[in-house]
Amino acid sequence: MVKLTNIKKVYNPGKSNEFEALKGVSCEIKDGELVAVIGKSGAGKSTMLHILACIDSYQGGEYSIDGELVKKLSEREYARIRNEKIGMVMQDFALVEDFTALENVMIPLSFSKKKVDNKKEKAMAALKAVGVEDLAKKPCNKLSGGQKQRVAIARAIVNEPSMILADEPTGALDSKTGAEIMELFKQLHEQGRTVIIVTHDPKIAEQCEKVIEISDGEIIKTA
Ligand SMILES: Nc1ncnc2c1ncn2[C@@H]1O[C@H](COP(=O)(O)OP(=O)(O)OP(=O)(O)O)[C@@H](O)[C@H]1O
Ligand SMILES: [Mg+2]
């Protein structure tokens, strides 16, 4: 289970462009839940997801993963959790464009503290799981948006994380490709993973078990 308690996030603290993006956010997400985070542009959705993914800091409140306070983790433990428990699909894919699909998916395996055997096979299995193993050797700058999204998902699942976070994974896709990508997330959820999806699309949100709505840095509704 992950739990945010009264999380406050301030960008550029103490500076003239200081901005409070999260104003005391509290929520609980259980293991294996399929959750949507919705809200208008600028509401704080990506900010909340980045904190959940352990890739951004916060100024107040507590974040705990499986009962452990993230703040109290050593740098090493923090990196281990980020790498082994969490898979993140960024809003703009964040693929290395001139790397091949396979090379992109292998990146988290090289960061892993655990010795990972058969990195190539693991990365190929992840590409296969999202249906793009035939694109393994293609540079990402030659892929379509939907294909890039699949490669980004393969990279997020290659370490077999228990929690997958995706920021607008269907936002840049046509509705058919978007529906296919949503099917992939539902499969990951059915395999027992926690899946948290930021979305503007009510059709995506209605397929989730829980919908968290953020407005101006606050959760205004959980349904
Ligand atoms: N690095 C940053 N520095 C300063 N302000 C930021 C930074 N990142 C985000 N913000 C501000 O924090 C607020 C929340 O941003 P966030 O990216 O979380 O919104 P969002 O809900 O994901 O929006 P969108 O739907 O457009 O992606 C916005 O007002 C944004 O301008
Ligand atoms: Mg965003």
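For ligands, and for the atoms within them, numbers begin at 1 and follow the listed sequence.
With respect to atom 28 (C) of ligand 1, the closest heavy atom belonging to the protein is G42 O, 3.7 Å. Here the heavy atom of the protein found nearest to atom 6 (C) of ligand 1 is Y11 CD1, 3.2 Å. The protein heavy-atom contact nearest to atom 27 (O) of ligand 1 is Q91 NE2, 3.0 Å. Scanning all protein heavy atoms for the shortest distance to atom 25 (O) of ligand 1 gives K45 NZ, 2.7 Å. The nearest heavy-atom contact from the protein to atom 30 (C) of ligand 1 is F19 CE2, 4.7 Å.
Metal site remark for the Mg ion (ligand 2): S41 contributes no N, O or S atom at a distance under 2.8 Å. The Mg ion (ligand 2) has an N, O or S atom of S46 inside 2.8 Å of it.
Ligand-side atoms of ligand 1 in range of K40: 21 (O), range being under 4.0 angstrom from any heavy atom. Heavy-atom contacts of H200 reach the following atoms of ligand 1: 25 (O) (cutoff under 4.0 Å). Contact atoms of ligand 1 toward S46: 17 (O), 18 (O), 20 (P), 22 (O), 27 (O) (distance under 4.0 Å to a heavy atom of the residue). Every atom of ligand 1 is numbered from 1 in the order shown, and the set under 4.0 Å from a heavy atom of A43 is 19 (O), 21 (O).
Of all the listed residues (G217, S41, G171), S41 holds the heavy atom that lies closest to atom 24 (P) of ligand 1.
Between K9 and D56 there is a salt bridge, since at least one side-chain N of the basic residue sits less than 4.0 Å from a carboxylate O of the acidic one.
Under a 3.5 Å cut-off, the side chain of Q59 and the backbone N or O of V10 do form a donor-acceptor pair. A donor-acceptor pair is defined here as one N or O able to donate and one able to accept, closer than 3.5 Å; such a pair exists between the side chain of D174 and the backbone of T177. Using modelled atom types, no side-chain atom of R82 and backbone atom of A53 make a donor-acceptor pair closer than 3.5 Å.
Distances between N or O atoms of G44 and those of ligand 1 include at least one value under 3.5 Å. Inclusion of T47 in the set of residues having an N or O under 3.5 Å from an N or O of ligand 1 is warranted.
For K186, the NZ atom is densely surrounded, since the number of other residues' heavy atoms within 6.0 Å is greater than 12. E75 CD: 12 or fewer foreign heavy atoms inside a 6.0 Å radius.
With a 4.0 Å heavy-atom cut-off, ligand 1 is reached by the side chain of N12 but not by its N, CA, C or O.
At a distance under 4.0 Å, a protein heavy atom can be found next to atom 12 (O) of ligand 1.
Expressed to the nearest 0.5 Å, how far SG of C54 lies from CD1 of I86 amounts to 4.0 Å.
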